[in-house]
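Data block below; observations after.
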Amino acid sequence: MLYTPEQIAAAAKDATFYVTPEGDWLRIQYTELAGSYFLALDENTGEEYRIYFDEIAEDHDPEFHHLVRTQIA
């Protein structure tokens with residue numbers, strides 16, 4: 001299934017991490033809706049990336065993850 005740039009924007013806005021097709025986990029630092037991109041950091045290398053929504057929309061299975069705090073019982 002292909003996704004629209006708008007769907008990718010909504011996922012990126014609420015996510016903490018984006019996983020590249022190569023399996024690299026990038027921490028989403030900032031989502032720029034007007035510019036149609038998000039900034040992401042590879043915490044292992046320190047490299048920063050500007051990733052455009054329309055580039056990810058071409059991917060068949062984009063992967064975003066959201067960190068949620070777990071309550072200690």
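Legend: salt bridge (charged side-chain N to carboxylate O under 4.0 Å, His left out) pairs involving residues 16-44, not counting sequence neighbours, sorted by first then second residue: Arg27-Glu43.
Taking 4.5 Å as the limit, some side-chain heavy atom of Leu33 sits within range of a side-chain heavy atom of Lys13. Contact of the Tyr49 side chain with the Thr20 side chain is not registered, since no non-hydrogen atoms from C-beta on lie closer than 4.5 Å. Here the side chains of Ile8 and Tyr18 are not in contact, with every heavy-atom distance at 4.5 Å or above.
In this structure, Leu39 is not a member of the same hydrophobic cluster as Val19, with clusters built from ILVMFWY side-chain heavy atoms closer than 4.5 Å.
Contact record, Phe38 with Ala12: CD2-CB, 3.8 Å, taken as the closest heavy-atom pair. The two residues Ala40 and Ile51 come nearest to each other via the heavy atoms CB-CD1, 4.3 Å. Across every non-hydrogen atom of Ala9 and Phe53, the tightest pair is CB-CE1, 3.4 Å.
In terms of the ring-ring contact (aromatic ring centres under 6.0 Å, His included) criterion, residue partners of Phe17 (sequence neighbours excluded) are, by chain and number, Trp25. Residues satisfying the side chain to side chain contact (heavy atoms under 4.5 Å, CB included) criterion with Glu58, sequence neighbours excluded, are absent altogether. Tyr52 pairs by the ring-ring contact (aromatic ring centres under 6.0 Å, His included) definition with Tyr37, not counting sequence neighbours.
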Which atom pairs, one a donor and one an acceptor, fall under 3.5 Å between side chains of residues 62-73 and the rest of the protein, sequence neighbours left out?
| residue | atom | partner | partner atom | Å |
| --- | --- | --- | --- | --- |
| Glu63 | OE2 | His65 | NE2 | 2.7 |
| His66 | ND1 | Asp14 | O | 2.5 |

